[in-house]
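Numbers here are sequence positions counted from 1. Predicted, not measured: the structure shown is a model, and the values here were computed from it.
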Amino acid sequence: MDPASLLRKAEEESNIWFELNYPDARSSAPSTSLGTITPSWKAPTDDILKCNIAASWSESSRNSGASWIVRNCRGKVLMHGRRSFSSVQSRELAELLAIYWAIESMNFMRKDKIIFESSCERARSCFLTPSSCSGVVELVGNICELVQQFQH
C-alpha cells in the first residue's frame, strides 16, 4: 500500500476503534442520573502529541488486547496500534503490558513530546503502590525506566 492509503486505512480503523470504545461520545447530552462519567478527550498543547492507551483482559482465556492511538492538538489521528497477548495471568498485568507496549512503540518511533493517558485503573494502583501488585513489580520498574528515556 502507498503511504496515503495506509494513513487513510489507519484513520478509518482508529475511528472504528473510538466509536466501539466510546459509543456515547457523540450523543448530544450525557446522562449523569446514575453518576456515570462520560469519557472525554482533552487536546494537548500545539507542539505535543497525546497517546491514549487501552487494555482488555479475559479471565477465562487469559488473553488480553492492547491498543493505543496518537492524536495531535486538533484531535487528528496520526497513528494507532493494536495487538494481543496470551497467557496473561491478571488484569493488572494486561494493563501494564499495554502501557509498556505503547510507551515502547512511541520510543521506537522517536516520538518525544508526548502525553500518555489511560483509564487503566489497576495499572494506576500498581504505579502508586507497586508492593500491592504481586508479580508485576519488575514490569512497573521497567515502565518507569522506559519513560525516563523521553526528554519531555
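- Scanning for disulfide (SG to SG under 2.5 Å) contacts around Cys120 gives an empty result, with sequence neighbours left out.
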Should Asn52 and Arg71 be marked as a side chain to side chain contact (heavy atoms under 4.5 Å, CB included) after you check the CA-CA gap, both sets of side-chain angles, and the distance that decides it?
CA-CA 8 Å; Asn52 293 96; Arg71 294 185 179 99; 3.6 Å; yes
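- Looking only at side-chain heavy atoms (C-beta outward), Val140 and Cys133 stay at 4.5 Å or farther from each other.
- The distance from the OG atom of Ser67 to the CH2 atom of Trp101 is 7.0 Å, given to the nearest 0.5 Å.
- Around atom CD of Glu117, more than 12 heavy atoms belonging to other residues, nucleotides or ligands sit under 6.0 Å away.
- Ile48 and Ile103 fall into different hydrophobic clusters, defined by Ile, Leu, Val, Met, Phe, Trp and Tyr side-chain heavy atoms under 4.5 Å apart, directly or through other members.
- In this structure, Leu139 and Leu93 approach most closely via the heavy-atom pair CD2-CD1, 3.7 Å.
- Looking only at side-chain heavy atoms (C-beta outward), Leu49 and Lys111 come within less than 4.5 Å of each other.
- Remark: Phe127 pairs with no residue by the ring pair (Phe, Tyr, Trp, His ring centres under 6.0 Å) rule, at least two apart or across chains.
- The OG1 atom of Thr129 sits 10.0 Å away from atom CZ of Arg124, with the distance rounded to the nearest 0.5 Å.
- What you find for Val70 and Met106 is that their closest heavy atoms are CG2-SD, 3.6 Å.
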Given side chain to side chain contact (heavy atoms under 4.5 Å, CB included), test Arg62 with Trp57 step by step and report yes or no.
CA-CA 7 Å; Arg62 301 286 190 208; Trp57 179 67; 3.2 Å; yes
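- Ser118 OG to Glu95 CD: the interatomic distance, rounded to the nearest 0.5 Å, is 6.5 Å.
- Cluster annotation: Leu97 is connected to Val147 through the hydrophobic network of ILVMFWY side chains, with a link wherever side-chain heavy atoms come within less than 4.5 Å.
- How far OG of Ser90 is from CG of Leu96: 8.0 Å, rounded to the nearest 0.5 Å.
- Ile69 CD1 to Leu78 CG: the interatomic distance, rounded to the nearest 0.5 Å, is 9.0 Å.
- Around the CD atom of Gln89, the shell of radius 6.0 Å holds more than 12 heavy atoms that belong to other residues, nucleotides or ligands.
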Working for ring pair (Phe, Tyr, Trp, His ring centres under 6.0 Å), residues Tyr100 and Phe85:
CA-CA 12 Å; Tyr100 183 86; Phe85 296 94; 9.6 Å; no
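- The two atoms that bring Ala94 and Val88 nearest to each other are N-CG1, 3.6 Å, heavy atoms only.
- Here the straight-line distance linking atom NE2 of His80 with atom SG of Cys51 works out to 12.0 Å at 0.5 Å rounding.
- In plain terms, the two heavy atoms of Asn107 and Phe150 that are nearest each other are N-CZ, 3.8 Å.
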Using side chain to side chain contact (heavy atoms under 4.5 Å, CB included), reason through Ile53 and Phe116 one step at a time and then give a plain yes or no.
CA-CA 7 Å; Ile53 306 165; Phe116 293 98; 4.0 Å; yes
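- Within 6.0 Å of CG in Asp47 there are more than 12 heavy atoms belonging to other residues, nucleotides or ligands.
- A disulfide bond (SG atoms under 2.5 Å apart) check over residues 68-100, counting only residues at least two apart or in different chains, returns nothing.
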